[in-house]
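None of these values were measured; they are calculated from a predicted model. A note on names: the letters A, B, ... follow the listed sequences, proteins ahead of strands, and every chain is numbered from 1.
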Protein chains: 2
Amino acid sequence: MKNTNNTVYQLDPLDKEIIYMLMDNSKSSLAYISKQVGISTTAVHQRIKKLEQAGVIENSISFLNPRKIGYKVVSYIGIFLDQPSHYNEVVKSLKEVNEVVEAHYTTGNYTIFIKVLCKDNDHLMQILSKLQKLKGVTRTETFISLEQSISRQLKV
Amino acid sequence: MKNTNNTVYQLDPLDKEIIYMLMDNSKSSLAYISKQVGISTTAVHQRIKKLEQAGVIENSISFLNPRKIGYKVVSYIGIFLDQPSHYNEVVKSLKEVNEVVEAHYTTGNYTIFIKVLCKDNDHLMQILSKLQKLKGVTRTETFISLEQSISRQLKV
DNA sequence: AATGAAAACCCCTCTTT
DNA sequence: AAAGAGGGGTTTTCATT
């Protein structure tokens with residue numbers, strides 16, 4: 001069941017300690033967390049369950065390292081649409097392109113802003129030409145990431 | 001030990017099935033995966049271990065949902081530097097700003113491109129004014145995400 | 001909300017093919 | 001590369017405060 005309400009969950013210091021450990025490694029055992037934060041394993045378990053039910057902690061996932069399977073190029077692409085009304089249609093097309101891993105409807109220069117993973121620059125060129133053929137797309141602007149110097153989650 | 005070589009790991013269909021299950025939920029048990037893909041738990045275990053050692057599967061982490069703790073605004077900011085040589089210094093400063101969750105050194109219009117999470121627009125304004133005071137930063141351009149329509153990992 | 005104890009489940013190793 | 005069996009650890013529930 002998806003939690004949809006908009007109330008802000010108040011984290012106490014123990015919650016934060018627990019969450020940061022899970023954000024670092026979701027397989028941290030209850031026994032290990034328990035030792036670090038100084039409460040029983042059952043108490044840790046209860047807090048995690050509560051945080052999960054509230055939707056504060058989302059499902060844990062494993063990461064596939066794109067580089068290891070030959071995807072070396074990270075880029076961001078701003079997309080200009082002739083009419084914002086084409087947004088839904090374009091997003092639908094974008095969902096069918098596996099290389100697109102994020103898409104945002106944005107304020108500012110672009111209508112749509114996406115993150116794309118490619119094997120190399122040739123591959124990126126193919127994706128760009130595919131994007132430019134989509135109905136409603138007038139122009140794109142590409143930023144290739146030469147180095148990702150920060151990649152982390154929010155700490156509060 | 002970090003795997004640093006650049007060979008491309010060849011995934012067979014079983015590897016892919018297993019990886020996609022773990023990318024969806026890193027806590028999928030070996031017994032469950034075993035049932036889905038039709039090989040023994042031991043075989044699944046051996047494959048996962050191999051994929052982890054090769055660095056194809058990276059550590060699993062839990063996600064904190066920023067919205068649930070009051071962070072409602074997702075934005076991307078392009079940063080112009082007067083000299084690229086200020087890059088390292090600026091990144092160092094950016095690392096001290098918790099709201100910055102990604103930073104890239106990019107080709108194209110901007111020198112640095114970042115992703116920022118904020119509570120609201122006022123909060124974003126504060127971050128922007130903080131960024132504009134950093135030495136070497138001449139100008140910034142902001143894209144606020146009104147809706148994230150795609151958020152996923154790479155599928156190959 | 002927190003605790004200890006017990007049950008159920010799971011990971012991981014070992015042995016074998 | 002894959003399978004079954006067993007020991008040790010982990011999650012989960014239960015009763016209690």
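Taking every side-chain heavy atom of R47(A) into account, dA1(C) is the closest of dA5(C), dA1(C), dA2(D). Residue A43(B) places its side chain closer to dA3(D) than to any other of dA5(C), dA3(D), dA1(D).
Closest heavy-atom contact between Y9(B) and I69(A): O-CG2, 4.1 Å.
When heavy atoms are screened at a 4.0 angstrom cut-off, T42(A) is found touching base atoms of the nucleic acid. The residue I39(A) sits close only to the backbone: its heavy atoms come under 4.0 Å of sugar-phosphate atoms, none of a base. As judged by a 4.0 angstrom heavy-atom cut-off over every strand, I33(A) is placed among residues making no nucleic acid contact. At a threshold of 4.0 angstrom between heavy atoms, the contacts of K50(A) are confined to the sugar-phosphate backbone, with no base atom among them.
Between the P atom of dC9(C) and the NZ atom of K35(B) lies a distance of 11 Å, rounded to the nearest Å. At whole-Å resolution of the value, CG in L30(B) and C1' in dG9(D) are 14 Å apart. At whole-Å resolution of the value, CD1 in I18(A) and C1' in dA1(C) are 12 Å apart.
Judged by distance alone, the side chain of R139(A) and the main-chain N or O of G78(A) form no donor-acceptor pair under 3.5 Å.
For the OP1/OP2 pair of dT13(D) and a distance below 4.0 Å, the side-chain nitrogens and oxygens of K49(A) include at least one atom meeting the criterion. Contact between the side-chain N/O atoms of H45(B) and the OP1/OP2 oxygens of dC11(C) is not found at any separation under 4.0 Å. Close to dT10(D), at under 4.0 Å from its OP1 or OP2, lies no side-chain N or O of K27(A).
Between the side chain of Q46(B) and the base of dA2(D), at least one donor-acceptor pair of N or O atoms lies under 3.5 Å. For S40(A) against dG4(C), no side-chain N or O and base N or O form a donor-acceptor pair under 3.5 Å.
Checked against the 6.0 Å centroid criterion, the rings of F143(A) and F113(B) qualify as a close aromatic pair.
Within 6.0 Å of atom NZ in K72(B), more than 12 heavy atoms from other residues, nucleotides or ligands are found, so the atom counts as buried in its surroundings.
Under the 4.5 Å side-chain criterion, counting only non-hydrogen atoms from C-beta, T142(A) is in contact with L128(A).
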